[in-house]
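To find a chain, count down the sequence lines: A is the first, B the second, and so on, and within it residues start at 1.
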Amino acid sequence: MPELPEVETVRRGLEQHVVGRTIDSVRVLHPRAVRRHLAGTADFETALAGRSLDSARRRGKYLWLSVGEDGLLAHLGMTGQLLAVEPQAPLSPHVRIQFAFKDEGPDLRFTDQRTFGHMCLVPDGAELPAPIAHIAPDPFEPSFDPVTLTRRLHQRHTGVKRALLDQSLVSGIGNIYADEALWRAGLHWARPTETLNGPEVSRLLTAVREVLGEALAAGGTTFDDMYVNVDGESGYFERSLAVYGREDEPCLRCGTPVRRDPFMNRSAYSCPRCQPRPRRAHW
DNA sequence: GCTTGCGCCTGAATGC
DNA sequence: TGCATTCAGGCGCAAG
């Protein structure tokens, strides 16, 4: 699943493979992939032809390619991939957008089985493209401020995992790394944010940074080949997961079987002993 | 204003 | 065997 480490891996691949090149033509094969490009499919195709890609940037799980005054914004959703593929290679079944380049080098192909991801061309703001102005800095950005985050956590009346998944509080964290960070910090996912003390918040932030950093070093987490980098290669962080997807398997710290709870129509994995359920909980 | 829940989507896994 | 159901998840939006 593309969370911060996976998206950053893709951004680096884009930097290597497409930045500095000029688009020749764009073909949208599934209109849903450009549903957030409000001017429509045809406009998306014509507006990008002949434009050069200046840089590849990222905030949280969003990435964008600077195109002059505009930004080609992408979100990978659940199953999105941006692949550099030789132009003569046949189109795989889930290719949604195909970018061909003037230099006749590799295409950029946006592939997305479930079409939760999307791309759009938008004006590039001073710092961020407008559609993602509400996305908070991720924990690796210079503008990330732990003091502000701590204050906002205390103002919230919700569970700590919900807060970690809220991209307007802190970005880049999804279901997998939220569970992993909470396990490392020894905090239960339903712990009310307003009851977290200073040391607990800093323990949590340290855990978040560690988990994201280690996953990035491993090239991300790949399940069922649903995430691959621009070269089509899988990450190998899955083997390092402590709780996510390990229901009934022993906790790596204490051996207690990992528990899976229903959470927001998905799952929360935790160790019942290392992460005791709080008396008061926000589900 | 803040919090919560739904719909979108496909294919693998599971149930009958 | 084959059909139906469930599940996975991020995001935006609507409802409470």
Side-chain angles (χ1 to χ4, degrees), chain A residues 1-8 10 28-38 58-64 73-82 92-97 110-120 122 128-136 138 149 151-182 189-195 212 215 220-228 235 237-238 241 243-248 260-269 280-283:
Chain A
M1 315 302 165
E3 303 182 30
L4 185 153
E6 292 77 22
V7 178
E8 174 60 17
V10 170
V28 175
L29 294 111
H30 195 312
R32 189 175 146 78
V34 292
R35 64 194 177 281
R36 309 231 176 257
H37 184 79
L38 301 179
R58 181 188 59 75
R59 167 165 280 194
K61 304 174 198 172
Y62 281 91
L63 51 86
W64 68 100
L73 184 66
H75 194 289
L76 302 177
M78 290 285 302
T79 52
Q81 304 173 348
L82 282 164
S92 59
H94 302 302
V95 175
R96 309 306 187 195
I97 309 172
F110 178 65
T111 302
D112 190 3
Q113 182 191 99
R114 295 183 205 170
T115 62
F116 276 26
H118 65 94
M119 295 185 83
C120 56
V122 292
L128 293 174
I132 62 167
H134 64 290
I135 303 292
D138 65 59
L149 178 60
R151 179 172 46 78
R152 294 187 68 194
L153 283 173
H154 283 150
Q155 288 168 346
R156 285 283 174 118
H157 296 277
T158 190
V160 63
K161 180 169 174 178
R162 274 184 186 270
L164 286 179
L165 297 178
D166 184 340
Q167 305 297 302
S168 67
L169 275 177
V170 53
S171 67
I173 306 165
N175 207 37
I176 298 173
Y177 299 126
D179 280 357
E180 293 298 308
L182 288 165
W189 53 268
R191 178 73 183 275
T193 50
E194 65 269 31
T195 69
L212 296 178
T221 302
T222 300
F223 291 108
D224 306 328
D225 293 330
M226 275 311 147
Y227 158 74
V228 292
F237 191 71
E238 186 187 355
L241 296 176
V243 283
Y244 184 85
R246 297 190 61 244
E247 184 180 15
D248 294 332
R260 183 175 75 87
D261 293 304
F263 169 81
M264 293 174 75
N265 282 330
R266 60 198 76 162
S267 299
Y269 295 90
R280 193 159 69 82
H282 279 308
W283 305 97

Separation of atom [atom1] in [X] from atom [atom2] in [N], rounded to whole Å:
X: A:Met78; N: C:dG12; atom1: CE; atom2: C1'; result: 16 Å
X: A:Asp112; N: B:dC8; atom1: CG; atom2: C1'; result: 12 Å
X: A:Ile176; N: C:dG10; atom1: CD1; atom2: P; result: 8 Å
X: A:Leu76; N: B:dT10; atom1: CG; atom2: P; result: 18 Å
X: A:Met264; N: B:dC6; atom1: CE; atom2: P; result: 11 Å
X: A:Asn175; N: C:dC7; atom1: CG; atom2: P; result: 15 Å
X: A:Phe116; N: C:dA8; atom1: CZ; atom2: C1'; result: 9 Å
X: A:His94; N: B:dA12; atom1: NE2; atom2: C1'; result: 12 Å

- Message: Is it true that A:Asp112 and A:Thr79 share a donor-acceptor pair across their side chains at a distance under 3.5 Å?
- Response: yes
Side chain of [X], heavy atoms from C-beta onward: which of [options] has the nearest atom to it?
X: A:Arg156; options: C:dA8, B:dT3, C:dG10; result: B:dT3
X: A:Thr115; options: B:dG11, C:dG10, B:dC9; result: B:dC9
X: A:Ser267; options: C:dC11, C:dA8, B:dG5; result: C:dA8
X: A:Gln113; options: B:dC9, B:dT10, C:dG12; result: B:dT10
X: A:Arg114; options: C:dG10, B:dC9, B:dT4; result: B:dC9
X: A:His75; options: B:dT4, C:dG12, C:dC11; result: C:dC11
X: A:Tyr62; options: B:dG11, B:dC9, C:dC11; result: C:dC11

- Task: For A:Arg96 and for A:Asn265, locate the closest nucleotide of DNA chain B by heavy-atom distance; then report the residue assigned to the nucleotide nearer the 5' terminus.
- Result: A:Asn265
- Query: For DNA chain B, whose closest nucleotide is more 5', that of A:Gly159 or that of A:Arg266?
  - Reply: A:Gly159
[X] side chain vs [Y] backbone, donor-acceptor pair below 3.5 Å:
X: A:Thr115; Y: A:Arg32; answer: no
X: A:Arg114; Y: A:Met78; answer: no
X: A:Arg96; Y: A:Gln113; answer: yes

- Compare all side-chain heavy atoms of A:Lys161 with those of A:Asn175 and state whether any distance is below 4.5 angstrom.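 SC-SC contact between A:Lys161 and A:Asn175 confirmed.
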- Phosphate-side-chain proximity, A:Arg162 and B:dG5, N/O vs OP1/OP2 below 4.0 Å: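 Yes, within the criterion.
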- Message: Using OP1 and OP2 only, check whether a side-chain N or O of A:His157 sits under 4.0 Å from B:dC2.
- Response: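 Checking B:dC2 against A:His157, no side-chain N or O comes under 4.0 Å of OP1 or OP2.
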- Touch class at under 4.0 angstrom, heavy-atom based, for A:Arg35 against every strand present: nothing
- With a 4.0 Å cut-off on heavy atoms, is A:His30 in touch with a base, just the backbone sugar-phosphate, or nothing at all? nothing
- Look at the rings of A:His118 and A:His75 and say which category their plane angle falls in: under 30° parallel, 30 to 60° tilted, over 60° perpendicular.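 If you compare the ring of A:His118 with that of A:His75, the planes turn out parallel.
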